[in-house]
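Predicted, not measured: the structure shown is a model, and the values here were computed from it.
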Amino acid sequence: MSHTSGVRQAQKAKTRRALMDAALRLLEDQSLSSLGLREVTRAVGVAPAAFYRHFRDLSDLGVTLVEECLGSLHHMIRAILADQDGDEERIDATVEAVAEHVRRYPAHIRFIARERHGGVRAVREAIAAELGGFADEVAAAFAPSLSPEGWPPEDVRMLAELYVDHMVMTATAFLEAQAAGRGVPGAGPRVGQGEPGAVQEEAGGQDEIGVGRPGPLADPREARPGRSEDERRVAATARKQLLLISLGRRHWRDG
């Protein structure tokens, strides 16, 4: 690759990243179905025609955001399922991981929570597909211990779906709790607006306000100082709910 071509590709990646970040900022207070393409390009400082070099339309951009928002969470939870054997250890690690992910990437969680049942069909289907794939991974992690106990595959899958649905519900609860701690009713932590034309310096990075591609996470099981009372309450409730699911799992085949 020539130097000129490399510079062009780097600039293209920066512009694509900037369009995605601008969309997340603008989606803080509105749904994707109400977002205008010109709003996004104006925030980045590029002509509307430039948008189509990166995405077919706003639905295509939304699907890309879905893949990014949920992809990193997949890897994190998969690692926890592989590393932790005991129910309580797995539950604690999962709750801490979700809390930390929401703290670092509130814009991504807000987008998924709002668009999961939003007005853009392609994005709804992409979220459903990602969560379905997530449930498949969880089911595969549970199967070695449950199948010898007589669990049929459809029941293992049902348990996995409960786990995934609870994770999404918990993430949304943490988002609201963090918003309450910042005095922002129901909106989650505010995302900075940035200056028009302010393209990210580094494609794939993350700024201090939780916009950008999710990168490697610190160990989510470390103690997190400064958690608000609302966040502690969400964490305690999530642990109890997961323990209840675990208890039901142990006795599911008794009847």
Separation between SG (C69) and CD1 (I109), nearest 0.5 Å, reads 7.0 Å
Distance-only check: which donor-acceptor pairs under 3.5 Å involve side-chain atoms of residues 123-134, not counting sequence neighbours?
| unit_1 | atom_1 | unit_2 | atom_2 | d |
| --- | --- | --- | --- | --- |
| R124 | NH1 | G118 | O | 2.8 |
| E125 | OE2 | R121 | NE | 2.8 |

T237: which residues meet the side chain to side chain donor-acceptor pair (under 3.5 Å) condition with it, sequence neighbours left out? none
To the nearest 0.5 Å, tell me how far L242 CG sits from R90 CZ. 11.0 Å
Going by heavy atoms in the side chains, are D230 and F174 under 4.5 Å from each other? no
Got L175 and R110 here, is their nearest side-chain heavy-atom distance under 4.5 Å? yes
Salt bridge (Lys or Arg N to Asp or Glu O under 4.0 Å) contacts in which one or both residues fall within residues 236-245, not counting sequence neighbours: D92-R239, E96-R239
With sequence neighbours excluded, tell me which residues meet side-chain contact (heavy atoms from CB on, under 4.5 Å) with A236. none
Can you measure from CD1 (I245) to CG (L162) and round to the nearest 0.5 angstrom? 5.5 Å
Partner residues of R38 under the side chain to side chain donor-acceptor pair (under 3.5 Å) criterion, sequence neighbours left out: none
What distance do T64 atom OG1 and R56 atom CZ have between them, rounded to the nearest 0.5 Å? 8.0 Å
Can you list the residues that meet the salt bridge (Lys or Arg N to Asp or Glu O under 4.0 Å) rule with E137, with sequence neighbours excluded? R78
To the closest 0.5 Å, what do you measure between CD (E68) and CD1 (I112)? 10.0 Å
Restricting to non-hydrogen atoms, name the atom on A160 and the atom on A135 that form the minimum distance, rounded to 0.1 Å. CB-O, 3.3 Å
Expected output: side-chain T170 to main-chain H166 donor-acceptor under 3.5 Å: yes
Within the distance-only criterion (no hydrogens, no angle test), does the side chain of R42 pair as donor or acceptor with the backbone N or O of A47 below 3.5 angstrom? no
At their closest point, which heavy atom of A99 faces which heavy atom of R227, and how far apart are they? CB-NH2, 3.6 Å
Starting from the C-alpha separation in whole Å, work towards a yes-or-no answer on side-chain contact (heavy atoms from CB on, under 4.5 Å) for L58 and V40. CA-CA 9 Å; L58 283 173; V40 179; 4.2 Å; yes
For residues 18-70, the ring-ring contact (aromatic ring centres under 6.0 Å, His included) pairs (sequence neighbours left out) are F51-F55
For the pair T15 (side chain) and Q11 (backbone), establish whether a donor and an acceptor sit closer than 3.5 Å, ignoring hydrogens and angles. yes
Identify all side-chain donor-acceptor contacts of residues 140-155 below 3.5 Å with residues at least two apart in sequence or on another chain.
| unit_1 | atom_1 | unit_2 | atom_2 | d |
| --- | --- | --- | --- | --- |
| S145 | OG | F142 | O | 3.0 |
| S147 | OG | A143 | O | 3.1 |
| D155 | OD2 | W252 | NE1 | 2.9 |

Hey, does the side chain of Q30 reach the backbone of L26 with a donor-acceptor pair shorter than 3.5 angstrom? yes
Is there a side-chain contact between Q178 and S228, using heavy atoms and a 4.5 Å cut-off? no
Ignoring hydrogens, what is the shortest heavy-atom contact between T41 and P48? Give both atom names and the distance. CG2-CA, 3.8 Å
Ring-plane angle category for H101 and Y105, please: parallel below 30°, perpendicular beyond 60°, tilted otherwise. tilted
Which is it for R17 and D21 under the salt bridge (charged side-chain N to carboxylate O under 4.0 Å, His left out) test, yes or no, and what are the steps along the way? CA-CA 6 Å; R17 177 74 261 160; D21 289 349; 3.0 Å; yes
Say you draw a straight line from CG of L32 to CG of L65; how long is it, rounded to the nearest 0.5 Å? 8.0 Å
With sequence neighbours excluded, tell me which residues meet side-chain contact (heavy atoms from CB on, under 4.5 Å) with D57. S59, D60
Listed by chain and number, what are the salt bridge (Lys or Arg N to Asp or Glu O under 4.0 Å) partners of R53, not counting sequence neighbours? none
Report the C-alpha separation of D165 and R116 in whole Å, then their side-chain angles, then the decisive distance to 0.1 Å, and conclude whether the salt bridge (charged side-chain N to carboxylate O under 4.0 Å, His left out) test is met. CA-CA 12 Å; D165 284 344; R116 188 180 184 187; 3.1 Å; yes
Nearest heavy-atom pair of A171 and V102: which atoms, and what distance? O-CG2, 3.6 Å
For A113, check side-chain contact (heavy atoms from CB on, under 4.5 Å) against everything at least two apart and list the hits. T172
In terms of hydrophobic clustering (I, L, V, M, F, W, Y; side-chain heavy atoms under 4.5 Å; direct or indirect links), are L243 and M167 co-clustered? yes
